[in-house]
Asker: 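Supplied in structure tokens, the structure appears directly below.
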Amino acid sequence: MFLGTHLPKLDEKGRFFLPAKFRDELAAGLVITRAQDRCLAIYPSATFVEMTKQVMDAPATVKQVRDFQRMLAAGASDEVPDKQGRVTIPPLLRRYAGLEKEIVVVGAINRVEVWDVAAWEEYSAQQESAFAEMDEEIFPAL
């Protein structure tokens, strides 16, 4: 499970250090891809494969399914952290998420998200009051 907020920096090659507490789960390989809200999602490779089984089984005759499949796969990149725990974010994905030097790495339960600092601050500020107002309608069992 991925938890917490971390503030690594991108180097000139588009690499960043994974937070130490995420490294073991991602050491064998990971997939970085586009996520909604103009951020990136990082999944352990096995988790990404499981997740995409549903995507593969969806009917390709539905335009939204085709669009989602294309955007998810076209932006996905298989990566393996180096011995120091660094991961390279490909230029296409850095552009998509507007990543420069300052980034935010957020644990999001089953994935890690990578955000531009300003985008995260704006998103977080908007969501904090909404989060405080959420009730059992979203997750009745909680």
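Throughout, numbering of the chain's residues begins at 1 and tracks the sequence.
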Asker: Between the side chain of T52 and the main-chain N/O of V49, is any donor-acceptor distance below 3.5 Å?
Answerer: yes
Asker: Run the numbers on D67 and K63 for salt bridge (charged side-chain N to carboxylate O under 4.0 Å, His left out), then give the verdict.
Answerer: CA-CA 6 Å; D67 292 345; K63 183 180 180 340; 2.8 Å; yes
Asker: Give the intermediate values and the outcome of side chain to side chain contact (heavy atoms under 4.5 Å, CB included) for residues F2 and I109.
Answerer: CA-CA 5 Å; F2 300 105; I109 314 284; over 6 Å; no
Asker: If I take atom CZ from residue F17 and atom CD from residue Q84, how far apart are they, to the nearest 0.5 angstrom?
Answerer: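 If we round to the nearest 0.5 Å, F17:CZ and Q84:CD are 5.0 Å apart.
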Asker: How long is the straight-line distance from OG1 of T33 back to CG of L72, given to the nearest 0.5 Å?
Answerer: 4.5 Å
Asker: How many angstroms lie between CZ in R94 and CG in L40, if you round to the nearest 0.5 Å?
Answerer: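 Here the interatomic distance stands at 10.5 Å.
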Asker: Checking L10 against I89 for the side chain to side chain contact (heavy atoms under 4.5 Å, CB included) test, could you report, in this order, the C-alpha distance in whole Å, the side-chain angles of both residues, the deciding distance, and whether it holds?
Answerer: CA-CA 9 Å; L10 282 179; I89 301 175; 4.1 Å; yes
Asker: Looking at F16 and P8, what are the two nearest heavy atoms and their distance?
Answerer: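 Looking at all heavy atoms of both residues, the closest pair is CD1-CG, 3.9 Å.
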Asker: Just to verify, what does M71 make a side-chain contact (heavy atoms from CB on, under 4.5 Å) with, not counting sequence neighbours?
Answerer: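 With neighbours one apart ignored, the set is R34.
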Asker: When rounded to the nearest 0.5 angstrom, what is the spacing between CD in Q69 and CD in Q64?
Answerer: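 Those atoms lie 12.0 Å apart.
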Asker: Roughly how far apart are E50 CD and N110 CG, rounded to 0.5 Å?
Answerer: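 Answer for the CD-CG pair, E50 versus N110, is 12.5 Å.
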Asker: Is any side-chain heavy atom of M51 closer than 4.5 Å to one of Y43?
Answerer: yes
Asker: Using a 4.5 Å cut-off on heavy atoms from C-beta on, say whether the side chain of V87 contacts that of L30.
Answerer: yes
Asker: Give me the atom names and distance for the closest heavy-atom approach of L92 to G75.
Answerer: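 The pair with the smallest heavy-atom distance is CD2-CA, 4.1 Å.
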Asker: When hydrophobic residues are tied together by side-chain contacts of less than 4.5 Å, even through go-betweens, does F48 share a cluster with V55?
Answerer: yes
Asker: Would you check if the side chain of T88 reaches a backbone N or O of R15 as a donor-acceptor pair within less than 3.5 Å?
Answerer: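 No: the side chain of T88 does not pair with the backbone of R15.
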Asker: Side chains of V114 and L99: does their closest heavy-atom pair fall under 4.5 Å?
Answerer: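 In short, these two side chains touch, coming nearer than 4.5 Å.
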Asker: Check whether V117 and V105 end up in the same hydrophobic cluster, where Ile, Leu, Val, Met, Phe, Trp and Tyr are linked by side-chain heavy atoms less than 4.5 Å apart.
Answerer: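 Different hydrophobic clusters.
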Asker: Examine distances only and state if a side-chain atom of D37 and a backbone atom of C39 form a donor-acceptor pair shorter than 3.5 Å.
Answerer: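 Answer holds: no.
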Asker: Taking A60's backbone N and O only, do any of them form a donor-acceptor pair with R66's side chain (distance below 3.5 Å, no angle check)?
Answerer: yes
Asker: Would a hydrophobic clustering, with Ile, Leu, Val, Met, Phe, Trp and Tyr connected at side-chain separations under 4.5 Å, put L93 with I103?
Answerer: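 Yes, L93 connects to I103 through the hydrophobic network.
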Asker: In sequence, state the C-alpha distance, the side-chain angles, and the governing distance for M1 and L3, and then conclude on side chain to side chain contact (heavy atoms under 4.5 Å, CB included).
Answerer: CA-CA 6 Å; M1 184 180 314; L3 303 172; 3.8 Å; yes
Asker: So R38 and Y96, do their side chains get closer than 4.5 Å, heavy atoms only?
Answerer: yes
Asker: Classify the ring geometry between W120 and W115 as parallel (under 30°), tilted (30 to 60°) or perpendicular (over 60°).
Answerer: perpendicular
Asker: Applying salt bridge (charged side-chain N to carboxylate O under 4.0 Å, His left out) to E25 and R23, what does each step give before you reach the verdict?
Answerer: CA-CA 6 Å; E25 196 164 345; R23 290 181 191 171; over 6 Å; no
Asker: Find the distance between CD1 (I42) and CG (L18) and round it off to the nearest 0.5 Å.
Answerer: 6.0 Å
